[in-house]
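Just dropping this structure here.
It should be emphasised that the depicted structure is a prediction, and the values quoted were computed from it without experimental measurement. To find a chain, count down the sequence lines: A is the first, B the second, and so on, and within it residues start at 1.
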Amino acid sequence: MLKDLTKISCLKDNVDKNVTIGGWVYHSRPGGKVIFLVVRDGSGLCQCIIEKTAVQEELFRQLAHLGMESSLTLTGTVRADSRSIGGYELAVTDAKVLCESTDYPITPKSHGIDFLLKNRHLHLRSQMPWCIGKIRHTLVNAIRQFFNDNGFTLIDTPIITGIVGEEAGSLFNVDYFGMPAFLTQTGQLHLECSALSFGKVYCFGPTFRAEKSKTRRHLTEFWMVEPEVAFAELPDLLEIAENFVSFIVKEVLEKNEAELKTLGADIESLKKITPPFYRLTYTHAVEILTSQKTQDFLASQLNEFKAQKQEIENKINALETEAKGQIKQWRQDKIATELIDLRSDLSEIETKIENNPKHAKLASQFQWGKDLGGSDETIISLMHDKPIFVTHYPRDAKAFYMKQDPDNPKTVQNFDMLAPAGFGEIIGGSIREDIYDKLLVRINEQGYKLENYQWYLDLRRYGSVPHGGFGLGVERTLAWFTGEKHIRQCIAFPRMMDKILI
RNA sequence: UCCCCGAUAGCUCAAUCGGUAGAGCGAGCGGCUGUUAACCGCUAGGUCGUAGGUUCGAGCCCUACUCGGGGAGCCA
């Protein structure tokens, strides 16, 4: 069966030939003498034309009544037609229905997020999840390719672990034959061992955080890639990170331009993502945040938001006035749909207007020593058109293993990479403390049990070298590339706080 | 844990001052040779999230709860 089928993505190579495709009804527009069936097969969409005179009468009747997501095979001649989606269509001569679907829950009209998540097992067939899935595939491949081509060795770090990376206690507990264990929140500590064996290593897999964060940037299970490099100093890491991010952007742009367009991604901004990225110290970032320039920037943003709000309100008023007049029913419907969209835009812009002064206040009152908050990152991110490295955070705000900066002992040699245009943190990383005595002090300061870290200290006892690494979140990166607002759309089966679907 | 918003047909949303519950999509039937979220006609579809309260009368007002969305903290 499979061998007899032609993939829709290959129709362009089969013009004027007779082929059979197998797929699902994505959209149906039955007419009296001609039926338009848009069929998807996992490789693309194809409009199939069934003329009443070209097929048997009973088959025509059956095809005219096919519900969305009915599965079938269709045989016919491929022809180029600019009116068809994808530019090619199938003039059907025969078809075989495998499964007739009726009452498919997901309709061509808009749905709420709750409904779509409850129907995730079916929603996965829709265009948006499909496009994101194809881009994710490219992204994951590009990530592996970059590290494989640059001398890194893949290390599969454990998912069940007894060690805790950072002090955060928000880990999932596992009852491991009566012993306490956790689902991993990072492969870093295992990678440090590995880096002292292989030199350059990386791990790539799921990671788990039991943080009670219900936002569009959080998942409890997400995928992270973490390189770790021996003999590396901070500038080395930044260079690897910017080359890495530039490479994966380039790959996605090359291989998924059509999907990016369908999703409405900002392709022009993505094309700007090339080395070098901006470099900013934490101290400099604080100066920016508390500067008049930032206050002016936020004030101008506020004005822009207000202007946008006014514009949306004007549109709403105009449509409401029009709807009150004597107009055709179809126009009424169209107005109703537009109003729903506009009201949703309006509510979003109102939130921004409400938050702007709060963020401005937070930024202006920012004190050296605190970790950068989400809104602070967003402000820095909005002020740049390329990714920004923020380096040298205060030692007290960061994890115990980060290496102290010799030039300013109050800071550590770490970095976050912020995606531009308000997307925020995509990467977090650091040089690790490689001096035995200093690490010992940090472990004691944190009040950690020394016996749990003897093995970690061993790495500093036997052939310690400067080393470091970083972690990049796959779903956040994907959200940034695609312009998707919710991170949960960027994984096939999202796991969120208080919610496991299938 | 805290703050804000919401819950009306399978889905997305209306319902003016508290006064008989509405529309589109989807489903079913019929019509239409080129449709692009097609269009036109007809049909079916409701315990207004749950429990109380105020009132002659509650989808609308009040209280509590449940569920969902957005945000803070934390983070990739």
Side-chain angles (χ1 to χ4, degrees), chain A residues 26-38 45 47 49-54 64-65 67-68 81-85 89 101-119 127 165-170 185-186 207-226 323 328-330 332-337 339-341 343-344 347-348 350-352 354-355 358-359 362 371-375 377 397 399 416-419 423-429 470-480 485-487 496 498-499:
Chain A
Y26 192 70
H27 203 86
S28 166
R29 281 182 287 272
K33 303 259 167 60
V34 61
I35 304 162
F36 300 93
L37 276 188
V38 177
L45 293 174
Q47 175 160 276
I49 315 299
I50 301 119
E51 291 190 37
K52 196 167 187 175
T53 51
H65 288 85
M68 265 181 80
D81 194 315
S82 60
R83 290 171 297 188
S84 257
I85 187 163
E89 61 183 27
S101 306
T102 49
D103 292 321
Y104 185 68
I106 299 172
T107 67
K109 292 278 172 160
S110 61
H111 298 280
I113 185 67
D114 186 40
F115 177 80
L116 290 178
L117 283 174
K118 279 179 180 154
N119 288 283
Q127 273 297 284
E166 306 185 18
E167 60 262 56
S170 47
Q185 63 162 358
T186 173
T207 197
F208 307 88
R209 307 267 167 102
E211 293 155 8
K212 297 204 168 173
S213 305
K214 250 172 53 170
T215 79
R216 56 177 77 170
R217 296 190 310 280
H218 286 87
L219 293 168
T220 54
E221 176 182 312
F222 63 96
W223 281 63
M224 181 158 74
V225 59
E226 298 175 86
K328 291 258 168 67
Q329 184 61 47
W330 67 266
Q332 288 276 9
D333 301 342
K334 202 160 175 93
I335 287 172
T337 312
L339 280 174
I340 288 164
D341 288 344
R343 283 184 188 129
S344 145
S347 134
E348 193 155 319
E350 277 170 347
T351 309
K352 284 183 182 169
E354 196 188 319
N355 285 336
K358 292 184 201 164
H359 292 171
L362 278 174
D371 206 350
L372 292 178
S375 66
E377 287 181 350
D416 281 354
M417 196 203 84
L418 310 181
F423 269 93
E425 188 176 345
I426 300 290
I427 288 180
F470 59 85
L472 171 133
V474 168
E475 290 80 12
R476 282 192 182 176
T477 305
L478 200 50
W480 166 35
K485 285 198 181 76
H486 297 80
I487 193 175
M496 287 156 300
D498 299 335
K499 191 184 288 180

**Item:** Separation of A/Glu226 CD from A/Phe470 CZ (nearest 0.5 Å)
**Value:** 10.0 Å

**Request:** Write down the distance separating the C1' atoms in B/rC11 and B/rG26, rounded off to the nearest Å.
**Result:** 7 Å

**Asked** Taking the side chain of A/Thr215 as its heavy atoms from C-beta onward, which of B/rA72, B/rG34, B/rA76 lies nearest to it?
**Response** B/rA72

**Request:** Would you indicate what A/Arg216 reaches in the nucleic acid, counting non-hydrogen atoms under 4.0 angstrom: base, sugar-phosphate, or nothing?
**Result:** sugar-phosphate

**Prompt:** Heavy atoms under 4.0 Å, any strand shown: does A/His486 hit a base, just sugar-phosphate, or nothing?
**Reply:** sugar-phosphate

**Asked** Within this structure, what is the OH-to-C1' distance between A/Tyr104 and B/rG28, rounded to whole angstrom?
**Response** 20 Å

**Among B/rA76, B/rU35, B/rU12, the nucleotide that comes nearest once only the side chain of A/Phe115 is considered** = B/rU12

**Prompt:** Which part of the nucleic acid, if any, lies within reach of A/Leu219 when heavy atoms closer than 4.0 Å are counted: base, sugar-phosphate only, or nothing?
**Reply:** base

**Request:** Please work out if A/Gly112 contacts a base, only the sugar-phosphate, or nothing of the nucleic acid, heavy-atom cut-off 4.0 Å.
**Result:** sugar-phosphate

**Request:** Take atom C1' in B/rA44 and the same atom in B/rG49, then report the distance between them in whole Å.
**Result:** 25 Å

**Message:** At 4.0 Å (heavy atoms only), tell me whether A/Glu226 reaches a base, stays on the sugar-phosphate, or touches nothing.
**Reply:** nothing

**Asked** Which value, in whole Å, describes the distance between the P atoms of nucleotides B/rU43 and B/rG24?
**Response** 12 Å

**Message:** If the glycosidic angle sits within 90 degrees of zero it is syn, else anti. Tell me which applies to B/rC4.
**Reply:** anti

**Asked** Among B/rG34, B/rA76, B/rG69, which nucleotide sits nearest the side chain of A/Ser84?
**Response** B/rG34

**Prompt:** What distance, rounded to whole Å, do you find between the two P atoms, one in B/rU12 and one in B/rC3?
**Reply:** 28 Å

**Request:** Answer with base, sugar-phosphate or nothing: what part of the nucleic acid does A/Leu472 contact at a heavy-atom distance below 4.0 Å?
**Result:** nothing

**Message:** What's A/Thr102 touching, base or sugar-phosphate or nothing? Going by heavy atoms closer than 4.0 Å.
**Reply:** sugar-phosphate

**side chain to side chain donor-acceptor pair (under 3.5 Å) against A/His359, all qualifying residues, sequence neighbours excluded** = none

**Request:** Look at the side chain of A/Asp103 and decide which nucleotide, out of B/rG69, B/rA27, B/rC75, has an atom nearest to it.
**Result:** B/rA27

**Item:** A/Phe222 over B/rA76, stacked by centroid distance under 5.5 Å, angle under 30°
**Value:** yes

**Asked** Which one, B/rA76, B/rC74, B/rC29, comes nearest to the side chain of A/Met224?
**Response** B/rA76

**Message:** From C-beta outward on A/Glu425, which listed nucleotide comes closest to its side chain: B/rC74, B/rA76, B/rG34?
**Reply:** B/rA76

**Distance (rounded to the nearest 0.5 Å) between A/Thr207 OG1 and A/Leu219 CG** = 11.5 Å

**Prompt:** Base, sugar-phosphate, or nothing for A/His65, non-hydrogen atoms under 4.0 angstrom?
**Reply:** sugar-phosphate

**Item:** Nearest to side-chain heavy atoms of A/Ile113, which nucleotide of B/rU36, B/rG69, B/rC25
**Value:** B/rG69

**Request:** For B/rA27 versus B/rU66, give the span between their C1' atoms, rounded off to a whole number of Å.
**Result:** 31 Å

**Prompt:** Roughly how far, to the nearest 0.5 Å, is CE of A/Met224 from CZ of A/Arg209?
**Reply:** 5.0 Å

**Asked** A/Ser101: what forms a side chain to side chain donor-acceptor pair (under 3.5 Å) with it, not counting sequence neighbours?
**Response** none

**Prompt:** Which nucleotide, B/rC75, B/rG69, B/rG26, lies nearest any side-chain atom of A/Leu117?
**Reply:** B/rG69

**Prompt:** When rounded to the nearest Å, what value does the distance between P atoms of B/rG6 and B/rC42 take?
**Reply:** 36 Å

**Prompt:** When you look for runs of 3 or more Watson-Crick or G-U pairs in a row, both distances below 3.5 Å, which of them include RNA chain B?
**Reply:** B:1-7 with B:66-72, B:10-13 with B:22-25, B:27-31 with B:39-43, B:49-53 with B:61-65

**Asked** Within the structure shown, what part of the strands sits under 4.0 Å from A/Gln47 by heavy-atom distance: base, sugar-phosphate, or nothing?
**Response** base

